[in-house]
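Atoms within a ligand are numbered from 1 in the order they appear, just like the ligands themselves.
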Amino acid sequence: MIRTPLDWIEDELRELDAIGLLRRLATRTGPQSATITIDGQELINFGSNDYLGLAAECLNDTVIEAIRTHGWGSGASALVTGRGSLHAELEAALAEFEAAEAALLFPSGFAANVGAITSLTGKGDVIFSDAKNHASIIDGCRLSGARVQVYPHGDIDYLRMMLPQASAFRRRLIVTDGLFSMDGDLAPLCDLAALAEQFDAMLMVDEAHATGVFGDHGRGTVEHWGVEDGVHVRVGTLSKAAGSIGGFVVGSRSLIEWIANRARPYVFSTAPPEAIAAAGLAALQRIEDEPHRRTELLSRADQLRRRLIAVGCDTGESASQIIPIIIGEPQATMRFATALRESGFFVPGIRPPTVPAGESLLRISLSYAHTDDMIAALVEAIARLLAVQ
Ligand SMILES: Cc1ncc(COP(=O)(O)O)c(C=O)c1O
């Protein structure tokens with residue numbers, strides 16, 4: 001047999017499969033909403049982040065109209081010829097929505113996190129990053145060249161102990177998810193804001209899963225905790241509750257000007273199509289006009305969590321529309337996900353490296369689009385499966 005330099009990949013894939021960590025790409029057909037068709041099977045969908053139910057229908061006509069007027073491709077990076085009037089309008093609307101001075105639109109939330117962190121820190125600086133932060137924050141930290149101190153999840157005492165030693169560094173950045181994407185719990189933002197002030201650190205919060213859901217106006221966890229003045233950099237995405245695509249950073253005018261000059265994923269990447277900005281504008285309007293979507297979502301999430309706990313599930317510290325059922329080992333988690341799928345429900349199993357070893361879980365993502373009957377049927381199916389284990 002002829003060997004090639006890529007043979008090691010086959011060995012690695014076999015190893016991943018043996019330990020239950022191999023991912024296989026499935027194909028969705030048709031739009032996703034409260035239901036989804038994956039590999040030809042129609043399922044009730046508890047796997048998407050379309051928390052307000054805006055993705056499948058609400059934005060379609062807006063996007064089609066924008067393509068007719070503005071065309072599709074942007075042609076270049078925003079700094080060259082890519083930034084159109086709709087991008088500018090969306091940035092102004094995002095700043096207003098977030099009650100901030102200015103906003104900058106990125107092609108994705110991932111790019112926004114990497115761009116913001118690498119613009120704000122470099123060699124000679126130190127970053128304090130929560131152990132459960134999203135991969136895009138982790139990669140931004142790694143790329144920045146700064147010293148990275150990962151603190152145990154939500155551990156304010158640990159941070160309080162570490163920060164005094166950080167005064168020798170040029171700049172300090174504390175970065176955290178506002179709402180953690182797999183565990184559904186909230187960061188202790190009041191304490192973090194107080195520590196940032198005490199130790200002269202910048203504080204950055206990623207609101208990816210909280211924008212549109214938390215806070216009286218749907219601005220996210222920073223609004224929920226009332227710490228707008230203590231958080232210097234806020235990142236969000238239009239890909240989850242806003243049902244579209246595109247990340248953003250909001251903050252002071254000078255912060256945004258600096259990031260637009262320095263963030264490599266912004267400077268060296270083609271701007272997203274303007275139709276995406278049209279979708280973002282329409283979604284923001286829905287979020288503003290229809291607050292019942294987020295209030296009902298959170299109250300149904302509370303009820304669902306209580307019912308899951310009552311049938312014996314461990315939902316960890318979840319306090320949001322993201323509700324994990326913590327299983328532990330990846331093989332058992334995937335068996336549970338498969339059994340749910342056979343019962344007609346799509347609930348993704350989450351394994352390392354997305355979560356730490358020993359913390360594999362089923363991730364229920366609740367949407368305003370789910371009916372009471374769908375939610376009741378899910379609880380019943382989970383209870384039935386737990387009873388036969
Ligand atoms: C916490 C968090 N931040 C950022 C992102 C990236 O956002 P996007 O999907 O828009 O790139 C995600 C997406 O999974 C996320 O969960």
Side-chain angles (χ1 to χ4, degrees), residues 23 28 32 47-52 54-55 59 87 90 94 103-118 127 129-143 150 153-154 174-187 189 192 203-214 219-222 224 231 233-250 259 263-266 269-273 276-277 279-280 283-284 287 317-324 348 350-351 353-356 361 363-367:
R23 271 105 159 135
R28 170 172 58 76
Q32 65 72 42
S48 299
N49 300 317
D50 175 26
Y51 302 124
L52 300 180
L54 296 177
L59 311 174
H87 295 122
L90 176 58
L94 281 166
L104 192 69
L105 182 67
F106 280 76
S108 71
F110 201 111
N113 269 332
V114 171
I117 294 169
T118 51
I127 304 175
S129 175
D130 189 288
K132 290 203 170 175
N133 276 343
H134 187 254
S136 52
I137 295 180
I138 296 170
D139 287 4
C141 292
R142 286 176 182 160
L143 276 173
V150 177
H153 180 49
I174 302 172
V175 58
T176 184
D177 284 13
L179 163 53
F180 288 88
S181 55
M182 295 299 134
D183 296 76
D185 57 333
L186 304 185
L189 290 189
L192 289 175
L203 178 56
M204 170 172 154
V205 177
D206 174 6
E207 296 277 29
H209 293 271
T211 303
V213 177
F214 275 82
R219 290 174 195 148
T221 54
V222 171
H224 170 80
V231 176
V233 190
R234 276 182 281 152
V235 170
T237 179
L238 299 162
S239 64
K240 305 191 192 300
S244 183
I245 190 97
F248 60 90
V249 183
V250 294
I259 292 177
R264 293 167 70 85
Y266 182 78
S269 190
T270 300
I276 279 163
L284 281 186
I287 290 169
E317 300 298 317
S318 164
S320 69
Q321 77 284 8
I322 300 168
I323 308 177
I350 309 290
R351 302 164 275 178
T354 311
V355 290
L361 52 88
R363 179 179 183 270
I364 299 173
S365 190
L366 197 63
S367 169

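Interface atoms of ligand 1 facing Ser239, defined by a heavy-atom separation under 4.0 Å, are 8 (P), 9 (O), 10 (O). Remark: ligand 1 atoms within the under-4.0 Å shell around heavy atoms of Ser136 are 4 (C). For ligand 1, the atoms sitting less than 4.0 Å from at least one non-hydrogen atom of Asn113 are 3 (N), 4 (C), numbered in the order shown with element in parentheses. Atoms of ligand 1 lying under 4.0 Å from any heavy atom of Ala208, numbered from 1 in the order shown and given with element: 1 (C), 2 (C), 3 (N), 4 (C), 15 (C). For ligand 1, the atoms closer than 4.0 angstrom to any heavy atom of Ser181 are 16 (O).
Not a single heavy atom of Gly247 sits closer than 4.0 Å to an atom of ligand 1.
Neither the backbone nor the side chain of Ile137 comes within contact range of ligand 1; no heavy atom lies under 4.0 Å.
Ser48 places no side-chain N or O within 3.5 Å of a backbone atom of Asp50 that could act as its donor or acceptor partner. At distances below 3.5 Å, not a single donor-acceptor pair connects side-chain atoms of Asn113 with backbone N or O atoms of Ser136. A distance-only check finds a donor-acceptor pair linking the side chain of Ser320 to the backbone of Gly184 [under 3.5 Å]. Distance alone, capped at 3.5 Å, places no donor-acceptor pair between the Asp185 side chain and the Glu317 backbone.
Residue, atom and distance of the protein heavy atom nearest to atom 3 (N) of ligand 1 are Asp206 OD2, 2.5 Å. Closest protein heavy atom to atom 15 (C) of ligand 1: His134 CD2, 3.2 Å. For atom 16 (O) of ligand 1, the closest non-hydrogen atom of the protein is His209 NE2, 2.5 Å. For atom 6 (C) of ligand 1, the closest non-hydrogen atom of the protein is Phe110 N, 3.4 Å. For atom 13 (C) of ligand 1, the nearest protein heavy atom (residue, atom name, distance) is Lys240 NZ, 2.8 Å.
Residue-to-ligand polar distances keep Leu179 apart from ligand 1: every N/O pair is separated by 3.5 Å or more. Ligand 1 has a nitrogen or oxygen under 3.5 angstrom from a nitrogen or oxygen of Gly109. Of the polar atoms of Thr237, at least one N or O is found under 3.5 Å from an N or O of ligand 1, judged by distance alone.
The six-membered or imidazole ring of His153 lies near that of Phe180, with a centre-to-centre distance under 6.0 Å.
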Checklist line | Test log, rule side-chain hydrogen bond (donor to acceptor under 3.5 Å, both in side chains), inputs Arg363 and Ser318 | finding: CA-CA 11 Å; Arg363 179 179 183 270; Ser318 164; over 6 Å; no
Next item on the list: Check step by step if side-chain hydrogen bond (donor to acceptor under 3.5 Å, both in side chains) holds for Gln321 and Ser365.
Entry: CA-CA 6 Å; Gln321 77 284 8; Ser365 190; over 6 Å; no
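The shortest heavy-atom contact between Ser244 and Leu59 is CB-CD1, 4.3 Å.
Remark: Ala271 pairs with Ser74, Ala78, His87 by the side-chain contact (heavy atoms from CB on, under 4.5 Å) rule, at least two apart or across chains. In this structure, the salt bridge (charged side-chain N to carboxylate O under 4.0 Å, His left out) partners of Arg234, at least two apart in sequence or on a different chain, are Glu98.
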